[in-house]
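Please read all numbers here as calculations on a predicted model, not as lab measurements. Both backbone and side-chain heavy atoms feed into the values below; hydrogens, waters and symmetry mates do not.
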Amino acid sequence: MATPHWLFGDQLGPHFLAAGDGGPDRAAPLVMIEARSVFRRRRFHRAKAHLVLSAMRHRAAELGDRVRYVRAETYREGLARAVGEGAVTVHHPTSRAALALVSALPDVTVLPARGFLVPHEDFRAWADGHGGQRLRQEDFYRWVRRGHGILMDGAAPAGGRWNHDHDNREPPPKGARTLGAPAPYRPREDEVDEEVRHDLDRWEREDGVRFVGRDGPRLFPATRREALAALNRFVERRLAGFGPYEDAVLTADPVLSHSLLSSSLNLGLLDPLECVARAESAWRAGTAPVNSVEGFVRQVAGWREYVWQLYWYFGEDYRRRNALGHRAPLPEWFLELDADAVTAHCLATVLAQVRDTGWTHHIPRLMLLGSHALQRGWDPAAVTDWFHRCFVDGYDWVMLPNVVGMSQYADGGRMTTKPYTSGGAYVHRMSDLCGPCAYRPTDRVGDRACPFTAGYWSFLHRHRARLADNPRMARAVQGLDRLHDLDELLREEKRRGDGPP
């Protein structure tokens, strides 16, 4: 009899069962384990818990008698109930904790990772060849495109340029409330979702499990069929308008033309290569411009792949990096997603989006939520944990490099060349969030001082010695000498503390 194969809850697509190239036997019986301890240990967003459990249970229903689906307190308990002391195979898990678990279990064979473009050993060879330190995402992205023939015309990048960022950083159209893009795909709930919601209610009521955020109707795909429908809708109706405004933010239009495919990719419902191939086909068919297609390809084959590889390459010590010495705990209003406590319209709007949906796009994550945490000096490990728990697409491998390296600059520049934070002027330029706000983006001090503007200058002052020699930050640091009200600003920032801005 074939060795049973264990599917984790983020290995749900057909490519995780394909035989050959290190895959399981075609006839292998399957095991899936729903471990309640995962939700008991950490306070996840309710919508995230719903999505993951719905996706797992839907997949089990599709697999029918081939799978043994075990609901247990822990993975160890579930595996013992499923296969006893027998052997089992499993594809390389996506977290270090899960890899440590399966590696410690007897008779578990770890097969190569799937759901990504580059094998670990290939990336390690590439990174070691670049000295292992300043591993530029742009260099990696071009290497991946060449190696996989993605958006290429022979040896040259399709459309004549590797990078179309210059065309993809437009502020929202003046006076627009929405982009007017076709609506994204949204699934319909079924009896599996009803069962999941009933179980989550019972866990909270009887079993001491606690969640954060709201769980309305499920907004993201939980099945392969739904994920393909979402991919089709994006490529056919939304991709063309994606590029120019991918960094814009509009209060009434939180999704703009974004794909909303990250959770489907991270659950393993979609494979990255099929996503970028569909986008490239749209460009070659003339239905989407190259800047929009390249922007999407960069997100999937560039940034997502880069973050996955750095998670493993940098090692577990990366989790503890704190180059700026930030130690402040996350305040209660932030932990509870209490948007109603926040006066600053930009932060209240985005925090409400996270509370209600478990999602917001990359600019609110980086330049509002992450930037505020950086300016306030919050502990980067706690910020990483918050992003992991509160986003439907958040996993350890996703958030550790994104937050420690990109968002909080806690690695001191190993991943990025500068801290990603700004004053209110950037928020005002790239969004409509400042208009109805009680604060003014140009005010540094006084009752209407923008928390981001004041916070930006306070951050630069606090880390002046470190940032003065950074070529990308030197001019901003020099600007401190031109602030006649710096002392007053610092006094007001100290009084503000970590209360809701």
If the threshold is 4.0 Å, N to carboxylate O, is there a salt bridge linking R96 and D396?
no
When you check the gap from the basic side-chain N to the acidic O, do D207 and R40 get nearer than 4.0 Å?
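R40 and D207: salt-bridged.
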Test log, rule side chain to side chain donor-acceptor pair (under 3.5 Å), inputs D25 and H5
CA-CA 8 Å; D25 191 284; H5 183 72; over 6 Å; no
Tell me the salt bridge (Lys or Arg N to Asp or Glu O under 4.0 Å) pairs involving residues 239-268, sequence neighbours left out?
none
Provide the full list of salt bridge (Lys or Arg N to Asp or Glu O under 4.0 Å) pairs with a residue in residues 280-293, sequence neighbours left out, each pair given once.
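Those involving residues 280-293 are D153-R284, E280-R284.
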Restricting to non-hydrogen atoms, name the atom on [X] and the atom on [Y] that form the minimum distance, rounded to 0.1 Å.
| X | Y | answer |
| --- | --- | --- |
| E236 | R278 | OE2-NH2, 3.9 Å |
| Y141 | G302 | CD1-CA, 3.6 Å |
| A344 | C437 | CA-SG, 3.9 Å |
| F211 | R43 | O-NE, 2.9 Å |

For F391 and H45: C-alpha separation, side-chain torsions, deciding distance, then whether ring-ring contact (aromatic ring centres under 6.0 Å, His included) applies.
CA-CA 7 Å; F391 281 81; H45 198 293; 8.4 Å; no
Working to the nearest 0.5 angstrom, can you tell me the gap between [X] [atom1] and [Y] [atom2]?
| X | Y | atom1 | atom2 | value |
| --- | --- | --- | --- | --- |
| D411 | R320 | CG | CZ | 14.5 Å |
| L63 | L30 | CG | CG | 5.5 Å |
| L400 | T384 | CG | OG1 | 6.0 Å |
| Y245 | S257 | OH | OG | 10.0 Å |
| D393 | M399 | CG | CE | 5.5 Å |
| H164 | L151 | NE2 | CG | 7.5 Å |

Quiz item: cation-pi between R186 and F220, 6.0 Å / 45°:
yes
Taking the six-membered ring of F387 as reference, does the cationic atom of K48 (NZ for Lys, CZ for Arg) lie under 6.0 Å from its centre and within 45° of its axis?
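Judged by the rule (NZ or CZ under 6.0 Å from the ring centre, within 45° of its axis), K48 is not positioned above F387.
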Does R59 form a salt bridge (charged side-chain N to carboxylate O under 4.0 Å, His left out) with E62? I'd like the steps, not just the answer.
CA-CA 5 Å; R59 183 58 169 147; E62 292 169 353; 3.3 Å; yes
[X]: salt bridge (charged side-chain N to carboxylate O under 4.0 Å, His left out) partners, not counting sequence neighbours:
| X | value |
| --- | --- |
| R233 | none |
| R42 | D385 |
| R145 | none |

Decide whether Y185 and N232 meet the rule of one side-chain donor and one side-chain acceptor closer than 3.5 Å.
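No, no side-chain donor-acceptor contact under 3.5 Å.
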Aromatic contact between [X] and [Y], with the criterion being ring centroids under 6.0 Å apart: yes or no?
| X | Y | value |
| --- | --- | --- |
| W378 | F334 | yes |
| F8 | F16 | no |
| W303 | Y306 | yes |

Report the residues that fulfil side-chain hydrogen bond (donor to acceptor under 3.5 Å, both in side chains) with R188, sequence neighbours left out, ordered by chain and then residue number.
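By the side-chain hydrogen bond (donor to acceptor under 3.5 Å, both in side chains) rule, R188 matches no residue at all.
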Greater than 12 external heavy atoms within 6.0 Å of [X]'s [atom1]:
| X | atom1 | result |
| --- | --- | --- |
| R177 | CZ | no |
| R26 | CZ | no |
| R225 | CZ | no |
| E189 | CD | yes |
| H428 | NE2 | no |

Among V209, V212, V392, V38, which residue satisfies the side-chain contact (heavy atoms from CB on, under 4.5 Å) criterion with F44?
V38
Test salt bridge (charged side-chain N to carboxylate O under 4.0 Å, His left out) on D165 and R169; report intermediate values, then the result.
CA-CA 6 Å; D165 274 357; R169 293 176 174 168; 3.3 Å; yes
Using 30° and 60° as the class limits, which term best fits the ring planes of H258 and W359: parallel, tilted or perpendicular?
perpendicular
If the plane angle is over 60° it's perpendicular, under 30° parallel, otherwise tilted; pick one for W397 and F116.
perpendicular
